[in-house]
Amino acid sequence: MLAGRFRGGANKYKVYSCIGVGARSLSSLDVLDHHETLSGCLSALPTKAKVVICGGGVMGAAVAYHLARRGWGDKTLLIEKEKIGAGSRWHASGLVGAFKPSLAQVKLAQSSIRLLQELEARGRSTGWKQCGSLLLARTRDRMTVYRRMKSQSVSWGIPCELVTPKRCQELWPLLNVDDIVGGLWIPGDGVGDPHLFCMSLMREAVENGVGVMEDCAVTSVLSKDDRVCGVETSHGAIECEYFVNCAGFWARQVGQLAKPQVKVPLLPCEHYYLHTKRIDNLDPMTPVVRDPDGYIYLRERDGCLIAGGFEPVAKPVYEEEIKSAAQRCVPEDWDHFHVLLQEFLKRVPSLGQAVLHKLCNGLEAFSPDCKWIVGEAPEMFNYHVAAGMKTVGISAAGGVAEATVDEIVDGYTKYDMYELDINRFLGLHNNKRFLRDRVKEVPGVHYGLPYPFYEFETGRNLRLSPIYPTLRDNGAVFGQVMGYERPTWFEIVDKDKENPQKPRPFKIAHTKTFGKPHWFETVQREYWACREAVGLADYSSFTKIDLQSQGREVVDLLQYLCSNNVDVPIGSIIHTGMQNERGGYENDCSLARISENHYMMIAPTIQQTRCKVWLKRHLPHNGSVTLSDVTSMYTAICVMGPFTRNLLSELTDTDLSPSNFPFFTFKELDVGLANGIRAMNLTHTGELGYVLYIPNEFALHVYNRLMTVGEKYGISHVGYYASRSLRVEKFFAFWGQDLDTMTTPLECGRTWRVKFDKDIPFIGRDALLQQRKEGIRRQYVQLLLTDHDHELDLWSWGGEPIYRDGNYCGQTTTTSYGYTFKKQVCLGFVQNLDNDGVPQPVTNDYVLSGHYEIDIAGIRYAAKVNLHSPNLPTKYPDKERDVYQATRRLHEPQQFLGRHYQP
């Protein structure tokens, strides 16, 4: 029995290496020891190329292939430190699945599948076999995930069906389904051979002019004026304009060879592949089985079974010790593998009778958030990265390479890549100790239950505001964003029972349900504090950037970058998008004009690296405009609610009346005994209030004064979830959740913030004018579920399909419970799709004339549609607040607001 062999003969099997044992005849199993070779490689390094690709694995080959397809073959050189396609075929599962965590990743995977099919149709061997995949569920929550996937499959274009345990066993007769509650069958999935795929891509690339240099190592990537200018190798130097880091496992080390260093946050950990010998009567079209609740997957290859998995706690490895592909196969740790072994034998009991051929421990690299790493590096223009494919490179390579090549050749891609962009990281994410801590947890996320608002438990307590200890001791439960600990909600603390001398333990937020969360009543209490008393929230994680110049250069720069008019009176705050050439949002921010030639930009937390890169790309070459990231210099405290003006008036001598300090304006205040506090009369939630940007040394003092004086006004701490609920109910769009690089202001109801008649034409103006002329093809809407029971029904958490008159028309983006509406509130985009699925122009009449439903895990709930930000009923009406329309304004605000009002 296999189980007995594992227990009694572990030492025997430890002698197997991943490269092969002794001299054996080339059986169907041992073909994995066979490596094809590439002919037509260069014998000498050229002195010049337009693009240099580092890495001859499947990702580098796919980039070379797509560059050749775009006519850049003779301008491209691929460098590989060993041989093309090197690396053991024993530690490659070859799984190809279309379902991914987001629509952007799905589209990339679908592009990869099409490429596999096209190559096979042209007679190129890839190992592609459309055998389908079967996903198993052991729990009701896992079945909920599959029901959500099934409902999303309509918009994602992935045929699939929910199946019973009996049907699961019919599809895979060897399965034990005693503990299975159901599954999801995806017939379009399959498997491939990464080595064959790589070689076929490279052969086509070479035939179309791509140069390939084997046994050549990159030693340095050079830059001039912040742009790639050349590469030094073990065979000499080469001039180039673009460099693509496709080094996979070694991508982080290759990044360190750049001058300046490029941070590619990846770290390897052990990953196991169990190979059996031949199993009689095993159908070659046996589907792939994924059992995520047991952390495992199985597939057929050449009459044998390959089994692998993603254990909950992984073992990280120092990659510096691994110099070659052969060294990526390290000795097996049977004790560590035992977690997966138990699950294999439980799921397929007959494996106990199979004969083990090999257990391979092959190292794989993972990113800190378990997502791929793609895009142009922030440290150096024209330095592109395509790495971190977390064992499924064959599934990602085609699409990721296509997107990378689009960005090189065209400057943009049709895929929305922001969630995978390398600019989502900071330097801290590349810290070796951080990576070693985090990567233990990352592989387990791959098969973990994707509950809403997932939080990592490693790499925590890293970026902390000065008031963090006080917030923690007052009941804060934290979520992490860009390494920053941000309160999500506040538990009630019993001061009598707490030991004042002992710090309260750090608590991580979790939402381990797809229905009503356990924090519902807590967030409700915080929500009403913001609407009827005073709420205090920590906004310190927001990106804060100062832009200055001696003359008007900063004004001209921002007029060019921003679609709104930024040349406003000193003290004004402007809300504006920064569009790309297609009119999409590269950034969505607020700009406070501090002085004639000084602006402070407030942007989303996740934009800290991204928006700096966008600004840096367009800064004048003469250095006339200076950019300073002041995110870590200021603690941001937001006080919101109807009594915030009364509260703050007790702490400052400045007149805070609407005539002196109107809505959407800025003033520098003294608060308490502190000075130099940048106060902004807005809250980003639609409620009355102020955001105070406080120099860090004064933060605790100002916080204590606010809490002391605010006691009479019923001040409460407020977390991110309450703020989120407020903004969703008020129909506020946020970048990274509702807005992205493909969404325009015209689509999301912000046309009135676009000033087409500015003296300086802004980036994206022509695209928006064209869109205004032709009509928009999708429209941002707010939907209120009218027949949904928030106590009993599953909730909408984003990404759900929207139906109009029974036909699919779009999907939700951000969702929340509306405590004033007493309904689930969904934001999303609606399209007018014809019979062929082609979007047609969308008008207000079209949107308002339909009957809407939202599909939540297979159940459709009726919904009422809104096109404008609602004025919510309140005990404390205020003209300033009520007139502000974040989405599609209904009236002119100037009749109510001061002359500075420039949203």
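Here the structure is a predicted model, which means the values were calculated and not measured.
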Which is it for Arg617 and Glu376 under the salt bridge (Lys or Arg N to Asp or Glu O under 4.0 Å) test, yes or no, and what are the steps along the way?
CA-CA 12 Å; Arg617 183 188 298 275; Glu376 187 178 31; 2.5 Å; yes
Should Arg424 and Asp369 count as an ion pair when the cut-off is N to O under 4.0 Å?
yes
Between Ser716 and Glu526, is there a side-chain heavy-atom distance shorter than 4.5 Å?
no
Given Tyr412 and Glu407, is the side chain to side chain contact (heavy atoms under 4.5 Å, CB included) satisfied, shown in steps?
CA-CA 4 Å; Tyr412 67 94; Glu407 290 184 346; 5.7 Å; no
Just by distance, do the side chain of Lys730 and the backbone of Gly686 share a donor-acceptor pair under 3.5 Å?
yes
Note: Asp421-Lys371 ion pair, threshold 4.0 Å (strictly below)
no
Is there a side-chain contact between Phe425 and Lys263 in this structure, where contact means two heavy atoms from C-beta onward sitting under 4.5 Å apart?
no
Should the pair Lys823-Glu729 be classified as a salt bridge under the 4.0 Å nitrogen-to-oxygen rule?
no
Taking only residues two or more places apart in sequence or in another chain, which ones pass salt bridge (charged side-chain N to carboxylate O under 4.0 Å, His left out) with Lys512?
none
Regarding Tyr383 and Asn245, do their side chains bring together a donor and an acceptor under 3.5 Å, going by distance alone?
yes
Audit row: Gln607, Thr543, side-chain hydrogen bond (donor to acceptor under 3.5 Å, both in side chains) steps and yes/no
CA-CA 7 Å; Gln607 279 270 8; Thr543 299; over 6 Å; no
Would you kindly say whether Gln737 and Arg727 are connected by a side-chain donor-acceptor distance under 3.5 Å?
yes
Less than 6.0 Å separating the ring centroids of Phe666 and Phe664?
no
Does the side chain of Asp416 come under 3.5 Å of the side chain of Thr741 through a donor N or O and an acceptor N or O?
yes
Got a salt bridge between Glu379 and Lys616, using NZ or NE/NH1/NH2 to carboxylate O under 4.0 Å?
no
For salt bridge (Lys or Arg N to Asp or Glu O under 4.0 Å), just list the numbers for Lys516 and Glu521, CA-CA rounded to whole Å, side-chain angles, deciding distance to a tenth of an Å, and then say yes or no.
CA-CA 10 Å; Lys516 178 186 173 183; Glu521 283 77 16; 2.8 Å; yes
Side-chain H-bond candidate by donor/acceptor type, Arg486 with Ser540, under 3.5 Å
no
Do Ser796 and Gln824 meet the criterion of a side-chain donor-acceptor pair at a distance under 3.5 Å?
no
For Asp538 and His717: C-alpha separation, side-chain torsions, deciding distance, then whether side chain to side chain contact (heavy atoms under 4.5 Å, CB included) applies.
CA-CA 9 Å; Asp538 184 0; His717 291 98; over 6 Å; no
Polar contact flag, side-chain donor to acceptor under 3.5 angstrom, Thr812-Glu800:
yes
Could you check Tyr690, Phe734, Phe542 and say which one makes a ring pair (Phe, Tyr, Trp, His ring centres under 6.0 Å) with His684?
Phe542
Whether His618 side chain and Leu615 backbone form a donor-acceptor pair below 3.5 Å
no
Sub-6.0 Å ring centroid separation between Phe310 and Tyr295:
no
Going by atom types only, do Asn430 and Arg252 share a side-chain donor-acceptor pair under 3.5 Å?
yes
Taking Thr513 for the side chain and Pro517 for the main chain, is one N or O donor matched with an acceptor at less than 3.5 Å?
no
Do any N or O atoms from the side chain of Thr631 and from the backbone of Lys544 form a donor-acceptor pair under 3.5 angstrom?
yes
Can you list the steps and then say if Met640 with Ser723 is a side chain to side chain contact (heavy atoms under 4.5 Å, CB included)?
CA-CA 10 Å; Met640 53 189 133; Ser723 301; 3.7 Å; yes
For the pair Lys612 and Asp629, find out whether any cationic side-chain nitrogen is under 4.0 Å from an anionic carboxylate oxygen.
yes
Donor-acceptor pair, Tyr539 side chain versus Thr683 backbone, under 3.5 Å?
yes
If we ignore hydrogens and angles and just use 3.5 Å, is the side chain of Gln782 paired with the main-chain N or O of Phe732 as donor and acceptor?
no
Check the side chains of Thr522 and Glu491 for a donor-acceptor pair under 3.5 angstrom, ignoring hydrogens and angles.
no
Pair Asn423-Thr609, side-chain hydrogen bond (donor to acceptor under 3.5 Å, both in side chains): steps then yes or no
CA-CA 6 Å; Asn423 289 322; Thr609 301; 5.9 Å; no
Spatial distance of atom CG (Leu692) from atom OH (Tyr703) [nearest 0.5 Å]:
14.0 Å
Kindly say whether the aromatic ring centers of Phe520 and Tyr819 come within a distance under 6.0 Å.
yes
Any donor and acceptor pair, going by atom type alone, linking the side chain of Arg460 with main-chain N or O of Phe456 inside 3.5 Å?
yes
Does a side-chain N-to-carboxylate-O contact under 4.0 Å join Arg750 and Asp588?
yes
Would the His518 and Trp489 ring centres measure less than 6.0 Å apart?
yes
Is the shortest distance from a Lys or Arg side-chain nitrogen in Glu485 or Arg472 to a carboxylate oxygen in the other one below 4.0 Å?
no
Under the 3.5 angstrom rule, does the side chain of Thr576 hit a backbone N or O of Asn564 as a donor-acceptor pair?
yes
Check whether any side-chain heavy atom of Leu700 sits under 4.5 Å from a side-chain heavy atom of Pro466, and report yes or no.
no
May I ask you to check whether Tyr721 and Phe453 place their ring centers less than 6.0 Å from one another?
yes
Check whether any side-chain N or O of Asp546 sits under 3.5 Å from a backbone N or O of Val630 as a donor-acceptor pair, and report yes or no.
no
Distance-only donor-acceptor check, side chains Arg531 and Thr820, under 3.5 Å:
yes
Spacing of Thr144 atom OG1 and Arg148 atom CZ [to the nearest 0.5 Å]
9.0 Å
Please tell me whether Trp795 and Thr815 have a donor and an acceptor in their side chains that are separated by less than 3.5 angstrom.
no
Could you check whether Asp141 and Tyr451, counting side-chain N and O atoms only, form a donor-acceptor pair closer than 3.5 Å?
yes
Ignoring hydrogens and geometry, is there a side-chain-to-backbone donor-acceptor pair from Glu455 to Gln480 under 3.5 Å?
yes
Would you say Thr458 and Glu441 are linked by a side-chain donor-acceptor pair, where the criterion is simply a distance under 3.5 Å?
yes
For residues Tyr468 and Asn461, is any side-chain donor paired with an opposing acceptor at under 3.5 Å?
yes
